[in-house]
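Below you'll find the structure, written out as structure tokens, and then a few comments.
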Amino acid sequence: MRGGGNMNKMMKQMQKMQKDMLKAQEELQEMTFEATAGGGMVKVVANGKKEITDIEIKEEVVDPDDVEMLQDLIIAATNEVLKEVEDKTNDTMGKFTKGLNLPGGMF
């Protein structure tokens, strides 16, 4: 039964890594991210689940004659906040998968 101890040790390490990954995922989901556009005229807030939880629009940016600009600011802030969530997720989860050479660029 040579090497059985190594297998048990590896299984325990994998179980610990899985537990740590789940904890990190839970912590990420509870985090809040925000981004602004137009010099702070539009602010979008998201959680770690990539759900938009709040949008704040300064009254002075609301121009009925230029709705397109407001739409562009909302899109820009939304894309930025979702990028921040994605970057933080990749950074956090990438610590667990570093060196594993997972297919498809996972994490």
Side-chain angles (χ1 to χ4, degrees):
M1 287 290 213
R2 272 182 108 180
N6 287 339
M7 182 61 93
N8 286 338
K9 183 178 177 182
M10 185 170 32
M11 289 298 291
K12 286 182 181 181
Q13 288 174 334
M14 292 298 290
Q15 288 171 343
K16 181 185 181 324
M17 185 175 89
Q18 184 178 23
K19 183 179 175 184
D20 291 346
M21 283 178 69
L22 288 172
K23 182 178 180 207
Q25 284 177 326
E26 289 171 4
E27 289 172 358
L28 277 169
Q29 291 179 354
E30 293 175 12
M31 294 177 91
T32 300
F33 301 83
E34 68 178 59
T36 62
M41 291 288 142
V42 173
K43 178 171 86 170
V44 177
V45 180
N47 61 27
K49 297 177 192 177
K50 298 181 186 174
E51 299 170 335
I52 304 303
T53 59
D54 192 28
I55 296 177
E56 294 178 17
I57 301 170
K58 301 277 181 163
E59 189 174 313
E60 54 267 27
V61 79
V62 179
D63 180 355
D65 296 326
D66 194 4
V67 174
E68 206 171 282
M69 180 189 68
L70 179 56
Q71 292 169 334
D72 290 344
L73 292 174
I74 293 169
I75 290 169
T78 302
N79 286 336
E80 180 60 31
V81 78
L82 293 177
K83 182 182 179 315
E84 287 181 23
V85 175
E86 186 72 22
D87 289 348
K88 181 65 175 175
T89 300
N90 288 339
D91 182 51
T92 300
M93 301 311 291
K95 294 174 187 172
F96 295 104
T97 59
K98 190 175 185 178
L100 293 180
N101 295 324
L102 295 174
M106 294 177 64
F107 301 104

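All of these numbers come straight from a predicted model, not from anything done at the bench. We use all heavy atoms of the structure for the numbers below, so side chains are in, but hydrogens, waters and symmetry mates are not.
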Open item on the list: Is it the case that atom CD in Gln29 sees more than 12 heavy atoms from other parts of the structure closer than 6.0 Å?
Closed with: yes
Contacts of type side chain to side chain contact (heavy atoms under 4.5 Å, CB included), residue [X], not counting sequence neighbours:
X     : result
Ala76 : Ala37
Ile75 : Asn79
Glu30 : none
Asp63 : Asp65, Asp66

Open item on the list: Run the side chain to side chain contact (heavy atoms under 4.5 Å, CB included) test on Gln71 and Ile74 for me, step by step, so that the C-alpha distance in whole Å, both residues' side-chain angles and the decisive distance to 0.1 Å come before the verdict.
Closed with: CA-CA 5 Å; Gln71 292 169 334; Ile74 293 169; 5.8 Å; no
With sequence neighbours left out, what residues match [X] under salt bridge (Lys or Arg N to Asp or Glu O under 4.0 Å)?
X     : answer
Lys19 : none
Glu34 : Lys43
Asp20 : Lys16

Open item on the list: If I compare all heavy atoms of Pro64 with all of Val62, which pair ends up nearest, and what's the gap?
Closed with: CD-O, 3.9 Å
Task: Least distance between heavy atoms, Ala77 atom then Val44 atom - done: CB-CG2, 3.5 Å
Open item on the list: Checking Glu51 now: which residues fulfil side-chain hydrogen bond (donor to acceptor under 3.5 Å, both in side chains) with it, not counting sequence neighbours?
Closed with: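 Applying side-chain hydrogen bond (donor to acceptor under 3.5 Å, both in side chains) to Glu51 gives Asn47.
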TODO: Treating Ile, Leu, Val, Met, Phe, Trp and Tyr as nodes and any side-chain heavy-atom pair under 4.5 angstrom as an edge, say whether Met93 and Met14 lie in one connected cluster.
DONE: yes
Task: Shared hydrophobic cluster for Leu82 and Val45 (ILVMFWY, side-chain gaps under 4.5 Å) - done: no
Open item on the list: Does anything in residues 68-96 form a salt bridge (charged side-chain N to carboxylate O under 4.0 Å, His left out)? List the pairs, not counting sequence neighbours.
Closed with: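 Qualifying pairs, neighbours excluded: Lys50-Glu86, Lys83-Asp87.
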TODO: Report yes if some heavy atom in the side chain of Thr92 is under 4.5 Å from a heavy atom in the side chain of Glu27; otherwise report no.
DONE: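 No. Closest side-chain heavy atoms not under 4.5 Å.
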Open item on the list: Please evaluate residues Ile52 and Val81 with respect to the criterion side chain to side chain contact (heavy atoms under 4.5 Å, CB included), reporting the C-alpha separation (whole Å), side-chain torsions for both, the decisive distance (0.1 Å), and the verdict.
Closed with: CA-CA 9 Å; Ile52 304 303; Val81 78; 4.1 Å; yes
